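Predicted model only: the values in this text are computed from it and were never measured.
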Amino acid sequence: MDKNATRLDQLPPAVKRALDPDFVFLVYPDKIQHFPARQWSQTDYQHMLAEKATVPLRLFLWENCLVAYGPEDLLIVMPKYQQIDALVREPR
């Protein structure tokens, strides 16, 4: 199993229950933060990723949530998106 998925599997149950499409969760090795992302557009998410993560940025799915990570230990959980290519497709 992937080490990042294992880290997420070990999140406290309260955090897992709190996953909601209106929030973004930042999972660091020593803390977890979340902030509102209500009514965010695809562009808003792309800007946040550019600000929070370093490239090369990789994506994977966990518990029906899109997760981004780069070379550092930060995992960015985005429950709003459930597909790997959700942030790279052109909006319709």
Drop me the distance from [X]'s [atom1] to [Y]'s [atom2], to the nearest 0.5 angstrom.
X   : Y   : atom1 : atom2 : value
D73 : L75 : CG    : CG    : 8.0 Å
L61 : L66 : CG    : CG    : 6.0 Å
L11 : I32 : CG    : CD1   : 4.5 Å

Checklist entry - Does atom CD of Q39 have more than 12 heavy-atom neighbours, drawn from other residues, nucleotides or ligands, at distances under 6.0 Å? => result no
Can any side-chain N or O of [X] pair as donor or acceptor with the backbone N or O of [Y] at less than 3.5 Å?
X   : Y   : answer
R7  : V27 : yes
Q42 : A86 : yes
K80 : W40 : yes

Item to check | Nearest atoms (heavy-atom pairs only) where Q82 meets N64 | outcome: CG-O, 3.0 Å
Using a 3.5 Å cut-off and no angle test, enumerate the donor-acceptor pairs between side-chain atoms of residues 50-58 and protein atoms at least two apart in sequence or in another chain.
unit_1, atom_1, unit_2, atom_2, d
T54, OG1, E72, OE1, 2.3

Checklist entry - Got a sec, which residues hit ring-ring contact (aromatic ring centres under 6.0 Å, His included) with F60, two or more places apart in sequence or on another chain? => result Y69
Next on the checklist: Any donor-acceptor pair under 3.5 Å linking the side-chain atoms of D9 with those of W62?
Outcome noted: yes
Item to check | Residues that H34 engages under side-chain contact (heavy atoms from CB on, under 4.5 Å), provided they are two or more places apart | outcome: F23, F25
Checklist outcome for this item: side-chain contact (heavy atoms from CB on, under 4.5 Å) test vs M78 passes for just one of L19, V67, L87, namely L87
